[in-house]
Amino acid sequence: QVRLIESGGGWVQPGGSLTLSCAPSESVYRIDVMGWYRQVPGKEREWVATVSRNGRIDYIDAVKGRFTISRDNKNSVSLQMNFLTPEDTATYFCSAKRVSITQTYRKLELWGQGILVNVSS
């Protein structure tokens with residue numbers, strides 16, 4: 001079964017940078033939308049950024065100007081996070097929506113298991 005695999009999280013001091021990466025565990029035919037969400041304990045999962053296959057990019061206001069999302073032609077997605085603050089501390093989840101595993105087998109969405117980003121001094 002295809003999974004999303006995340007990497008790149010960890011600890012960083014306020015003002016620092018981290019890059020998260022995510023890729024499917026095996027090759028897939030196409031993914032329409034890829035993105036990142038984040039969640040802190042006791043709160044609902046929050047959308048952070050998405051990038052569509054047609055190139056459209058959207059960010060939550062809280063990260064505009066600091067985070068950059070990008071994807072390559074192999075259905076991998078990255079999130080470059082700069083000027084991190086303690087409020088960015090969360091478990092970050094990679095998301096893929098409208099996934100064509102093959103040309104005829106599709107899944108509505110896939111999620112990664114989550115990766116922790118801890119911004120503290």
Side-chain angles (χ1 to χ4, degrees):
Q1 186 172 357
V2 177
R3 298 173 292 113
L4 295 178
I5 300 175
E6 300 132 332
S7 62
W11 172 81
V12 65
Q13 290 186 330
S17 299
L18 279 176
T19 300
L20 304 181
S21 298
C22 171
S25 56
E26 58 189 80
S27 178
V28 299
Y29 177 68
R30 185 176 68 205
I31 300 176
D32 282 355
V33 182
M34 299 195 77
W36 293 92
Y37 289 68
R38 64 188 181 185
Q39 188 171 24
V40 297
K43 292 190 176 182
E44 292 189 355
R45 192 170 296 185
E46 173 185 61
W47 165 72
V48 176
T50 46
V51 53
S52 300
R53 192 165 58 91
N54 63 10
R56 173 171 175 162
I57 291 176
D58 293 288
Y59 298 100
I60 190 173
D61 285 348
V63 308
K64 285 181 180 177
R66 300 188 299 121
F67 290 12
T68 302
I69 190 171
S70 61
R71 64 183 289 181
D72 63 13
N73 58 6
K74 295 183 179 179
N75 295 312
S76 298
V77 65
S78 296
L79 186 68
Q80 173 69 43
M81 304 183 293
N82 299 323
F83 305 109
L84 286 160
T85 73
E87 288 68 37
D88 296 314
T89 296
T91 297
Y92 285 70
F93 295 87
C94 179
S95 164
K97 298 189 187 301
R98 298 192 295 278
V99 181
S100 297
I101 308 297
T102 67
Q103 287 183 277
T104 56
Y105 175 52
R106 300 182 179 94
K107 293 184 73 68
L108 187 59
E109 65 180 5
L110 295 173
W111 288 94
Q113 290 193 325
I115 191 164
L116 180 63
V117 171
N118 185 351
V119 185
S120 63
S121 53

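Predicted, not measured: the structure shown is a model, and the values here were computed from it. One is the number of the first residue; the rest follow in order along the sequence.
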Looking at [atom1] of [X] and [atom2] of [Y], how far apart are the two atoms once the value is rounded to the nearest 0.5 Å?
| X | Y | atom1 | atom2 | value |
| --- | --- | --- | --- | --- |
| I60 | R38 | CD1 | CZ | 6.0 Å |
| I115 | T91 | CD1 | OG1 | 9.5 Å |
| M81 | L20 | CE | CG | 3.5 Å |
| M34 | K97 | CE | NZ | 11.0 Å |
| W111 | C22 | CH2 | SG | 10.5 Å |

Taking the side chain as every heavy atom from C-beta outward, state whether [X] and [Y] have any atom pair closer than 4.5 Å.
| X | Y | answer |
| --- | --- | --- |
| V2 | V99 | no |
| R66 | D88 | yes |
| C94 | V77 | yes |
| R71 | R53 | yes |
| S78 | S21 | yes |

Nearest atoms (heavy-atom pairs only) where [X] meets [Y]:
| X | Y | result |
| --- | --- | --- |
| A96 | I31 | CB-CG2, 3.8 Å |
| Y92 | E6 | O-OE2, 3.7 Å |
| S17 | N82 | OG-OD1, 2.9 Å |
| Y37 | W47 | CD2-CA, 3.3 Å |
| V63 | V48 | CG2-O, 4.0 Å |
| T89 | V119 | OG1-N, 2.9 Å |

*Has the side chain of S52 got a donor or acceptor atom that lies under 3.5 Å from a matching backbone atom of N54?*
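Judged by distance alone, no pair lies under 3.5 Å.
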*State, without any angle test, whether Q13 and S121 hold a side-chain donor-acceptor pair at a distance under 3.5 Å.*
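No, because no side-chain N or O of Q13 sits under 3.5 Å from a partner of the opposite role on S121.
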*asked:* Surrounding CD of E26 (heavy atoms of other residues, nucleotides or ligands, distance under 6.0 Å), is the total greater than 12?
replied: yes
*Kindly check if the number of other-residue, nucleotide or ligand heavy atoms within 6.0 Å of CD (Q39) is above 12?*
yes
Under 4.5 Å between side-chain heavy atoms, counting indirect links through other Ile/Leu/Val/Met/Phe/Trp/Tyr residues: same cluster for [X] and [Y] or not?
| X | Y | result |
| --- | --- | --- |
| F93 | F67 | yes |
| Y105 | L110 | yes |
| I5 | L116 | no |

*Going by the side chain to side chain contact (heavy atoms under 4.5 Å, CB included) test, name the single residue among V51, T50, I69 that passes it with D58.*
T50
*Please assess W11 against L18 for the test side chain to side chain contact (heavy atoms under 4.5 Å, CB included), listing each intermediate value before the final yes or no.*
CA-CA 9 Å; W11 172 81; L18 279 176; over 6 Å; no
